[in-house]
Amino acid sequence: MERNHSLIVGGTRGIGRALVRTLAKENHVLSVIGRRPPAETDRHIPDVHYWVVDLLDQESLADALADVIKQNGKLNHLVFLQRYRGEGDDWVGEIETTLTATKYVIERLVDEFDGSDEDSIVIVSSIASHFVAEEQALSYHVAKAGLNQMIRYYAVVLGSRGIRVNGVSPCTILKEESREFYLQNERLYNLYKTITPLGRMGTSEEIAQVIAFLCSPKASFITGQNIVVDGGLSLQWQESLARKLTSLKG
């Protein structure tokens, strides 16, 4: 049986790291592009191959993409999880990293999918594409909103090729790198538990499972959708939530 080849952009930290482990267990051949090298514990997972690339360096990125296809063959799945972490002008950096790099990679690789019924692209956005998160810059909000329209656009344009395009929008979640911070800040951790209808924070692994679903035959007729994964947090009316937190009635 032929194995799926999945390329994960932004796969060495957080949700991307969890996705690598999830898809590796499902017997995918994995190509992973990251700004930083993987953790030592991730370097020896069978059939996972890493490329350290600055997405803003198109020449290096083009070389890496060509090498990915040469080494591991045609694609079945392409997943984007990158975000801007650099210094300098955050507007330019965020737009280039989040939008321009995603467009570049998709259009560079669109002819490199294998033509099977499983071909798919998944783009990880954020609930900040719909709501204002004051701790994040304007550039972050605009870039994530742009991703949502990109998902819909490519779902239509690439549908005739049999390539499904979907998105996932998580809220704040427990990542391997941030778990200790939240667990040690009991008041903040309990706040998230209080305001989330499911009564807890989500994890990287849970977001990875949703992405894996969208890459699977179980999602074979789903395209152009953006799944919000937030434990029901965004379903609540802000005034009701404020009353709940302050014990005010009215």
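These numbers were taken from a predicted model, which means no experiment stands behind them.
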Are [X] and [Y] close enough that a side-chain donor and a side-chain acceptor fall under 3.5 Å?
X      : Y      : result
Ser6   : His28  : yes
His5   : Ser31  : yes
Gln71  : His49  : yes
Thr98  : Glu94  : yes
Glu135 : Tyr140 : no

Nearest heavy-atom neighbours spanning [X] and [Y]:
X      : Y      : result
Gly224 : Arg152 : O-CG, 4.0 Å
Asp89  : Tyr84  : O-OH, 4.0 Å
Leu147 : Val124 : CD1-O, 3.7 Å
Gly167 : Ile151 : CA-CD1, 3.5 Å
Leu99  : Gly146 : CD2-C, 3.7 Å
Arg17  : Thr41  : NH2-OG1, 3.4 Å

Looking at [atom1] of [X] and [atom2] of [Y], how far apart are the two atoms once the value is rounded to the nearest 0.5 Å?
X      : Y      : atom1 : atom2 : result
Met201 : Leu174 : CE    : CG    : 4.5 Å
Ile45  : Arg21  : CD1   : CZ    : 6.0 Å
Asp90  : Thr97  : CG    : OG1   : 11.0 Å

Would a distance-only check, ignoring hydrogens and angles, find a side-chain to backbone donor-acceptor pair under 3.5 Å from [X] to [Y]?
X      : Y      : value
Asn185 : Leu188 : no
Arg164 : Ala219 : yes
Asp230 : Cys171 : no

Can you check whether [X] reaches [Y] side chain to side chain, under 4.5 Å on heavy atoms?
X      : Y      : answer
Asp47  : Arg3   : yes
Ile195 : Leu191 : yes
Leu65  : Trp51  : no
Arg83  : Arg85  : yes
Leu7   : Val79  : no
Asp42  : Tyr50  : yes
Leu109 : Leu75  : yes

Run the numbers on Lys218 and Glu118 for salt bridge (Lys or Arg N to Asp or Glu O under 4.0 Å), then give the verdict. CA-CA 10 Å; Lys218 294 179 181 179; Glu118 293 196 29; over 6 Å; no
Assess whether a salt bridge exists between Glu176 and Arg13, defined as any Lys/Arg side-chain N lying under 4.0 Å from an Asp/Glu carboxylate O.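 Result for this pair is no, no salt bridge flagged.
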Ion pair Glu180/Lys175, N-O distance below 4.0 Å: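 Salt bridge flag = no for Lys175 with Glu180.
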Can you tell me which residue among Val9, Ile8, Val105, Ile33 is in a side-chain contact (heavy atoms from CB on, under 4.5 Å) with Gln82? Val9
Test applied, side-chain contact (heavy atoms from CB on, under 4.5 Å); reference residue, Ile163; option that passes from Ile121, Thr223, Val157: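 Testing each of Ile121, Thr223, Val157 against Ile163, the sole residue satisfying side-chain contact (heavy atoms from CB on, under 4.5 Å) is Ile121.
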Can you tell me if CD on Glu59 sees more than 12 non-hydrogen neighbours from other groups inside 6.0 Å? no
[X] with [Y], same ILVMFWY side-chain cluster at under 4.5 Å:
X      : Y      : result
Leu23  : Leu214 : yes
Val20  : Ile123 : no
Tyr104 : Val68  : yes

Option among Asp114, Asp117, Asp119, Asp111 that satisfies the salt bridge (charged side-chain N to carboxylate O under 4.0 Å, His left out) test with Arg161: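 Per the salt bridge (charged side-chain N to carboxylate O under 4.0 Å, His left out) rule, the option paired with Arg161 is Asp111, out of Asp114, Asp117, Asp119, Asp111.
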